[in-house]
Amino acid sequence: MIIKKYIVNNMSEAVTRIRYELGKDAVIISQRKIRKKGFTGLFSKKVMEVTAAVDNGTKNDKKIENKKNTTSRPMEDSLAAIKKAMDKHSDNSKLSVEKIENTDITKASVEDYNNPKIKTEREDDLISEMREMKTMLSSMASNGGNLFNGKSELYKNLRNYDLKENLVEEIISRVSLDKSDIDESEKIKKVLGHMINVAEVKDNGVMVLVGPTGVGKTTTIAKLAGRFALIEKKKVGLITVDTYRIGAVDQLRTYADIMNIPFKVVFSIKDMEAAVDSMKDCDVVLVDTTGRSSKNKMQISELRAFIDKTHSDNLHLVMSCTTKNSDIKSIVEGYEVLNYNNIIITKLDETTTYGSMLNILNEAQKPLSYVSVGQNVPDDIKRLDINEIINLVTGVDSIC
Ligand SMILES: Nc1nc2c(ncn2[C@@H]2O[C@H](COP(=O)(O)OP(=O)(O)OP(=O)(O)O)[C@@H](O)[C@H]2O)c(=O)[nH]1
Ligand SMILES: [Mg+2]
């Protein structure tokens, strides 16, 4: 049996060559269009690969030169012989002649990659797989990686309120533990409610404000002084240890003058006790301090020495709700040494999301005493209850 492949330009060329080389008994067992191998790749000319076979009457394959010895046999015999030979020669011994004729892909070789039909099929498969993946990804994204299927709006939006990621996770896990019948959004509010503490107002004795630079300590002191003196008709005294920033003393003195309340500047630690003493007859004494970086331990220690002399147990850490989430922790930790009792959050009017309020309160684990909502003295200061805080944090309410 002789089997031979011919790469030709067309079938008539194939027939001529097969007749000449294999004789008139040769049969064509497969034909297909291919591209010529080589550098030109996809752009090379299409040619035909024709496989022909002839039984030369021996058990072993003979060389083509033996073609003259081939004897004429009926077509049926030839086909049976070809089938047997193909079974033996085929890479896949199970393949029959018919299979080889009909499924050229089973004999895929390197040049098959240049076969436009196969190539197109593969590209189509790839494109449809990519489409499927794209649809899958976009549907996952639109429902939060399937996490949010059937979830409430509040749950879906938790990540949009500027809450710290660990806080969102904590809320989600606490909500999942709540097996009561109430709505999921109610469960979330319940969890938030447990995370928020509101301070009892202590509007007598010595009240000290500390915090980073520029957060609004002095303005808040002026607002509180106005509130206590003008609205609550209390006797108020003002002390400042803010001797560091040029103009800082004048800022508070101006407010004290307008409200007609006593005002003292403390220059050294030993002066503090005397200053507080001198205001013994006041219902409330408000102490303003220099803004310090929470990273500067020396400055914080110096501040502590001043505060210790006030003997106050009403110390408020003032933080702006515009503080970066990543900075909240270091500020809270930096001021921890002062043992502050409450938190005041300022500049609520400067933001549209209030998640940072919860981030601050949760980090500090201290109750909220006041919020500042603008620059106007004395009006822009408020006390908020837990529901009002939840409504701000969850975007139900806003400060205009
Ligand atoms: N928008 C807005 N601005 C505020 C608020 N509170 C204070 N400010 C402004 O923030 C700026 C700084 O306020 P100060 O009261 O001087 O801040 P401070 O913490 O005393 O600053 P230092 O003494 O330098 O540490 C001022 O321009 C205030 O008017 C607020 O609630 N909202
Ligand atoms: Mg100040």
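Numbering of ligands and ligand atoms starts at 1, following listing order. When reading the values below, keep in mind they use all heavy atoms of this one structure, side chains included, and skip hydrogens, waters and symmetry mates. Bear in mind that the values here come from a model prediction, so they are computed numbers and not experimental data.
- Between Q375 and ligand 1, an N or O atom pair is found at a separation short of 3.5 Å.
- Ligand 1 has no atom lying under 4.0 Å from any heavy atom of R292.
- In this model, a donor atom of one side chain and an acceptor atom of the other lie less than 3.5 Å apart for S12 and N10.
- Here is the list of ligand 1 atoms found below 4.0 Å of a heavy atom in G291: 25 (O).
- Counting non-hydrogen atoms of other residues, nucleotides and ligands closer than 6.0 Å to CD of E200 gives a total of 12 or fewer.
- At a 4.0 Å cut-off, not a single heavy atom of D380 sits close enough to ligand 1 to count as contact.
- The residues R292 and E302 are annotated as salt-bridged, a charged nitrogen and a carboxylate oxygen being separated by less than 4.0 angstrom.
- Ligand 1 has no N or O atom lying under 3.5 Å from any N or O atom of T289, backbone or side chain.
- Taking 2.8 Å as the criterion, T240 does not count as a coordinating residue of the Mg ion (ligand 2), since none of its N, O or S atoms falls below it.
- In summary, the atoms of ligand 1 found under 4.0 Å from a heavy atom of T213, numbered by their order in the structure, are 25 (O).
- Contacts classified as salt bridge (Lys or Arg N to Asp or Glu O under 4.0 Å) and involving residues 352-379 (residues at least two apart or in different chains) are given here: K164-E363, K329-E363.
- Atom numbering of ligand 1 starts at 1 in the shown order; those under 4.0 Å from a heavy atom of E350 are 1 (N), 2 (C), 3 (N).
- At a heavy-atom cutoff of 4.0 Å, ligand 1 is contacted by no atom of T220, backbone or side chain.
- Between D349 and ligand 1, a contact under 3.5 Å exists for at least one N or O pair.
- With respect to L338, the side chain to side chain contact (heavy atoms under 4.5 Å, CB included) criterion is satisfied by exactly one of T289, L317, V210: V210.
- Partner I239 forms a side chain to side chain contact (heavy atoms under 4.5 Å, CB included) with one of V276, D288, L252 and no other, that one being V276.
- Considering both main-chain and side-chain atoms, S372 comes within under 3.5 Å of ligand 1 through a nitrogen or oxygen pair.
- Of all the atoms in ligand 1, the ones that sit under 4.0 Å from a non-hydrogen atom of G374 are 5 (C), 30 (C), 31 (O), 32 (N).
- The shortest N or O to N or O distance between G216 and ligand 1 is below 3.5 Å.
- A salt bridge links D203 with K234: the distance from a Lys NZ or Arg NE/NH1/NH2 to an Asp or Glu carboxylate oxygen falls below 4.0 Å.
- Within the structure, side-chain hydrogen bond (donor to acceptor under 3.5 Å, both in side chains) contacts touching residues 257-270 (residues at least two apart or in different chains) are S268-D271.
- Ligand 1 places these atoms under 4.0 Å from at least one heavy atom of G214: 12 (C), 17 (O), 18 (P), 19 (O), 21 (O), 22 (P), 24 (O), 25 (O).
- Atom numbering of ligand 1 starts at 1 in the shown order; those under 4.0 Å from a heavy atom of T219 are 7 (C), 13 (O), 14 (P), 15 (O), 28 (C).
- Note on ring orientation: taking the six-membered ring where Trp is involved, the planes of Y370 and F228 are perpendicular (angle over 60°, cut-offs 30° and 60°).
- T346 has its side chain out of reach of V371: every pair of non-hydrogen atoms, C-beta onward, lies at least 4.5 Å apart.
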